[in-house]
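Taking it in order: structure first as structure tokens, then the write-up.
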Amino acid sequence: MSCQDSVMQEWMEAQRDTYLRVFLWHEGRGEEESIACPRCEDRTRARLRCRDCVGGVVMCSTCCVELHRRNPLHVVEQWTGVYFQKTSLKAHGLRVQLGHAFGITCTRRFPAHEEFVVLHVNGVHNVAVDFCGCKQRHVAWNIQLLRTGWYPATMERPQTCATFACLDQYQALSLRAKISAYDYYSLLEYLTDGTSRKLPSRYQVFLRMSRQYRHLQLLKRAGRGHDEGGVRATAPGELALRCPACPRPGINLPSDWESATPEDRCVYVLTLALDACFRLKRRAVSNDVRDPGLGTGWAYMVEWMPYRQYLVSVSDQVEMSTCTGLAALDYANTKFSRGYATTGVGMGICARHEFVQPNGVGDLQKGERYANMDYIAGSMLRHLDPRLRKIFSYDIACQWWKHLKERLALLPPLVRFNLVLSLCRFVIPKMHIKGHATSCQAEFSLNLVPGSGQTDGEGIERSWAAIGGAAASTRASGPGSRADQLDDHWQFWNWSKTVGLVALLRRRLDGARVELQRQEDAFDEFSLQQANQVAAWKEMIDAYERDGSAKNPYSLEIKGLTEMQMRARFEEEEAKEAAAGRPRIHEVSSSGFITAALDLEDQQRRIRAQAELKRAQSTALKINLRSMRQKLNREIRKFRVLQATYLPAALVHLIALKVPSNTLAEDVPLILPSDLTEEQRAGGCVDGLFDMEREMRDAQCRTALVSLRLQLSVKARFLIYKKNHSRAQGMNTRSRTLIARNESKIRLHSEKYQRAHAALSAIIPGGAAAVGWRVLRKDDIRCMEDAVQLSLRQEKERRARVREAKTRAELQAAGLPPLVNSRTDVLDTVTRGHGGGGADDDDDLVTVGESHREVSWIWTLAGTAGSDESELAEALRIEWSKAYARVRRWREEVKILEAEWQRLPLSFAHEVSKWDCRVVAVPVGAVEVPAPEAEGLLAYAMKQADVYRQLAIRAESARIEPKLGRGYRRPREAVRVVTHAMEGDGLLGDEDVGEDDEDEQDGFLDSDDEAIMDGDALD
């Protein structure tokens, strides 16, 4: 039993009853029963106690009210003689005077509404409030409430308000726990009265107050209360927090950054990610007139009116096509739009640090259309320096980038962006790319694009996971309130990323340095083994990366025509014959007959796969096999008519087979020329049909092999996803369904290849040995990663047998190698494999090194039509090129992370400079700005400047001493470096430098001196 379990068991046995009795003791007056009011010593009137004050002392009504003039929202209870009953301070005469110092009653007070309600963190309170009406102190009622820390629901004669503490708590719970306004208000009602007694409803006004409060906090943190022009002068995207680690010319880059060498250009690459989320829907309720946004376009959402006008103008735009089979794109243009005004959002972030970009979020009306995503991309790019090299990560980048420059040039002037394609690369995120065709994987992989480092491109998915909890509370909102709420959530997301960047970069840099060394060691060994070819391979990579016109060194060229290309060639030849006057024997051509037969074969394979899924009950889909078989039978009957014209010998052969009448449609033999003997074909087969089938079967082998590799790649990703992310029963069921469907596709492609290979073996003289395509066996159908898994499993089994053998003689008798004496010997043994000394060949270990992996021949195309030796050499070249790319990406990653470390304090120093300028600009002593207001402006600006100054020191401390963590003692050298940088930019005055000289003399500053906490952003 664990320590925790033992403590719990001890509490249950010894203390549970005691604790319960103490709980009941609190229901009475306890020791206060015979004690007088501690303030006036009146024994008879001691009836009230406060639940929020420590101790819950029972006192008289007069003393309780007097002591709570500073805490009028505490919850009090009155002793009825039998038990305590909740009451209110208002019922016992407490009145709250506004507009005066504590203890002063206004001579011309104006009582508020009799049912004045205040929402506080502990419930809904009915409070007696008096407004100030003195002439010399006349201030509007709503302003009096605001200065008290109570937010009014209306501007004129307010009857409801919420405390700042209440609104802060709701905002924090909304951002952290994604609690909705309805749930929070229900909590306040429950805290007020748990018996569900009907209270005056203030839910609608609470929505209004909390929305205004969010918006004002956003403006306050962006400095709009300090800057000239006030709120109305706010520029688009100005309220958004920018990424401090991404390159920003003029802020955190050196002046000569544009003249960087090719090796260092990766440091000045900005990686952006685009994607859409369909969880953030909005129902077709309200409209922009009834619910306008308070600041739509000032932070993360795009300006709504220009965006809507543009979408109306491009309603007839041709939509996307895609090569990927990922589920997110199966319904890209029809994503559950019925009943919704918005089906989701599209968004752009910086892919490395996951900061949502200014004006980088827009609503989607009907799926992930190009028109929406183009506008969002242009809106985001207008805030970024056009001189920076950019990498765009998008799960359909292989299609989206086509004609992108032309589409961006047609955007409205507000977001029009002249894209310089020579400075841009387009990639697909590392997880999503596994669902794309192999050609996309060679051209759009982040692993192969120079300057990308180890960016995975999947960071935007993590952003969706964080915001997904807000979907329920924004789904029924109006357009304006939804936009305001999402802006606040993304502001919090960006701030969380800001304060976490130090730890993130430290962790990434430490890991990157270790991994770089490992990759370089493995690559050097690989290159040494292929020393004669390395120079030529490297030149091939350099030529491809110069302009992209050279051969892609990462892709394997497939020789020959595909099945579709072969069909097109036959149709073209027959069209030429028809034009030359050669008559057809039927309106359907010979190639049409062969094509029809092969299509029927495909249908039969698909029905067999569906029948297997239905028997295994591995899919949630309802499969109607009966209608599928009826349709196939009709097609077969039509085919028999053609067969009588082009291949009459097949009908004779069919009669001889005596196929039962109840044979299922998928099992009915079709009979093509390859199924007949040479004698049968001699008198009952149209000339040229036999050769046509041979060429089509050859193309089928080629096409099926490519498709098989693609589905195996998808299978690997499905299995990884299921292992890492599928937890609940529903998720596991959906994952198993996807895997089962993918397995059926793998079976379809493998059976297609095997059928085509069998036909070629019958057609080509010499049988299977002369086909030119290898026989596909069950063991050959495996993912590329399975070779390593198989090797590790065999090694694990071998070691188990070694452990079972106690002596060297037993090892020799078992045919196993002798025990090794060191870790190095063990690693050498694993790498080299074992001869076995009499063991079966199956016990030999398949090598697990990257350059020695034994993969299935389907991945190298060895053994296909052509030279095995040349194709194996090409496969080896591809493996070396990918290993070279891995090393280069890790080198880039280390360089990029070191540059990000340097940019981080510079970006924070820029923010310090902005706030220091606001400090100087505060009009102290001006007539139009009262002294208390000027003091508040100064205090907040200096506070924000210090927050960013401390962030800069924290970043420099972590760089100098990487092992420092939470509660660290930061080295004085970090403070000296940061302050020196700020001095050079005029960010610190002379009086600020050395302000910590009186601290400890050991060269460190205590972490207690820092004021950086997660909540600082909410101050």
Side-chain angles (χ1 to χ4, degrees), residues 218 221-222 234-253 268-277 280 295-304 306-307 344-364 368 372-395 397 400 404 408 411 414-417 419 423-427 429 455 457-464 466-467 483 486-498 500-501 900 903 907 910-911:
L218 203 63
R221 297 174 198 138
T234 306
E238 186 178 354
L239 304 186
L241 276 174
R242 303 291 293 272
C243 177
C246 283
R248 295 174 65 187
I251 294 177
N252 56 22
L253 296 186
Y268 308 113
V269 172
L270 181 60
T271 308
L272 303 169
L274 289 167
D275 195 22
C277 174
L280 294 175
T296 306
W298 289 352
Y300 303 98
M301 300 294 289
V302 299
E303 300 94 324
W304 173 237
Y307 181 48
V345 297
M347 185 169 72
I349 67 170
C350 66
R352 287 189 60 83
H353 315 107
E354 302 165 19
F355 278 70
V356 182
Q357 295 298 294
N359 296 128
V361 185
D363 288 337
L364 306 177
E368 197 174 343
N372 298 82
M373 301 308 293
D374 291 346
Y375 190 99
I376 293 168
S379 179
M380 168 182 63
L381 288 171
R382 61 180 158 152
H383 298 289
L384 305 174
D385 197 299
R387 298 171 294 172
L388 288 171
R389 296 178 180 272
K390 299 176 182 66
I391 294 177
F392 292 90
S393 174
Y394 192 13
D395 52 14
W400 178 70
L404 176 62
L408 290 180
L411 291 175
L414 178 65
V415 296
R416 188 175 300 160
F417 189 85
L419 194 67
L423 298 179
C424 300
R425 288 296 301 267
F426 300 88
V427 296
T455 308
E458 300 292 352
I460 197 164
E461 302 296 339
R462 293 184 279 273
S463 303
W464 294 140
I467 196 65
L486 291 179
D487 273 341
D488 193 40
H489 278 277
W490 280 311
Q491 183 83 345
F492 173 73
W493 169 262
N494 280 9
W495 175 252
S496 301
K497 291 294 178 181
T498 299
L501 265 179
E900 288 172 347
R903 292 197 285 260
S907 297
H910 175 71
E911 296 299 324

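Positions are given from 1 along the sequence.
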Test side-chain contact (heavy atoms from CB on, under 4.5 Å) on His353 and Cys246; report intermediate values, then the result. CA-CA 8 Å; His353 315 107; Cys246 283; 3.5 Å; yes
Test log, rule side-chain contact (heavy atoms from CB on, under 4.5 Å), inputs Glu911 and Thr498: CA-CA 12 Å; Glu911 296 299 324; Thr498 299; over 6 Å; no
Quick one: closest heavy-atom pair of [X] and [Y], and the distance?
| X | Y | result |
| --- | --- | --- |
| Leu501 | Ala245 | CD1-CB, 4.2 Å |
| Pro236 | Asn359 | C-OD1, 3.4 Å |
| Met373 | Met347 | CE-N, 4.5 Å |
| Gln491 | Tyr300 | OE1-OH, 2.6 Å |
| Ala276 | Leu364 | CB-CD1, 3.5 Å |
| Ile460 | Leu274 | CD1-C, 3.8 Å |

Under the rule for side-chain contact (heavy atoms from CB on, under 4.5 Å), what residues qualify as partners of Pro306, not counting sequence neighbours?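 Pro306: side-chain contact (heavy atoms from CB on, under 4.5 Å) contacts with Glu303, Tyr375, Leu414.
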To the nearest 0.5 angstrom, please state how far the [atom1] atom of [X] sits from the [atom2] atom of [Y].
| X | Y | atom1 | atom2 | result |
| --- | --- | --- | --- | --- |
| Phe417 | Leu411 | CZ | CG | 11.0 Å |
| Met380 | Phe392 | CE | CZ | 6.0 Å |
| Thr271 | Lys390 | OG1 | NZ | 11.0 Å |
| Asn252 | Cys243 | CG | SG | 9.0 Å |
| Leu404 | Tyr394 | CG | OH | 10.5 Å |
| Glu458 | Ser463 | CD | OG | 11.5 Å |

Residues in side-chain hydrogen bond (donor to acceptor under 3.5 Å, both in side chains) with Asp275, at least two apart?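 With sequence neighbours excluded, Asp275 shows a side-chain hydrogen bond (donor to acceptor under 3.5 Å, both in side chains) to Trp464, given in chain and number order.
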Taking side-chain hydrogen bond (donor to acceptor under 3.5 Å, both in side chains) as the definition, give me every residue that meets it alongside Lys497, ordered by chain and number, with sequence neighbours left out.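 With neighbours one apart ignored, the set is Glu354.
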Report the C-alpha distance between Leu419 and Cys424 in whole Å, list the side-chain angles of each, state the deciding distance to 0.1 Å, and finish with yes or no for side-chain contact (heavy atoms from CB on, under 4.5 Å). CA-CA 8 Å; Leu419 194 67; Cys424 300; 3.6 Å; yes
Contact check, side chains of [X] and [Y], non-hydrogen atoms, under 4.5 Å:
| X | Y | result |
| --- | --- | --- |
| Trp490 | Ile467 | yes |
| Leu253 | Arg903 | yes |
| Trp298 | Leu218 | no |
| Leu270 | Leu384 | yes |
| Leu388 | Pro247 | yes |

Can you name the salt bridge (charged side-chain N to carboxylate O under 4.0 Å, His left out) partners of Asp487, sequence neighbours left out?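 Partners of Asp487 by the salt bridge (charged side-chain N to carboxylate O under 4.0 Å, His left out) criterion come out as none, since no residue qualifies.
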Qualifying residues under salt bridge (charged side-chain N to carboxylate O under 4.0 Å, His left out), relative to Arg387, sequence neighbours excluded: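 If we apply the salt bridge (charged side-chain N to carboxylate O under 4.0 Å, His left out) test to Arg387, skipping adjacent residues, the hits are Glu258, Asp385.
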Full working for side-chain contact (heavy atoms from CB on, under 4.5 Å) between Leu241 and Phe492: CA-CA 9 Å; Leu241 276 174; Phe492 173 73; over 6 Å; no
Salt bridge (Lys or Arg N to Asp or Glu O under 4.0 Å) contacts in which one or both residues fall within residues 234-247, not counting sequence neighbours: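 Only Arg224-Glu238 qualify under salt bridge (Lys or Arg N to Asp or Glu O under 4.0 Å).
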If only atom types and distance count, is the side chain of Asp363 paired as donor or acceptor with the main-chain N or O of Val345 below 3.5 Å?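 No.
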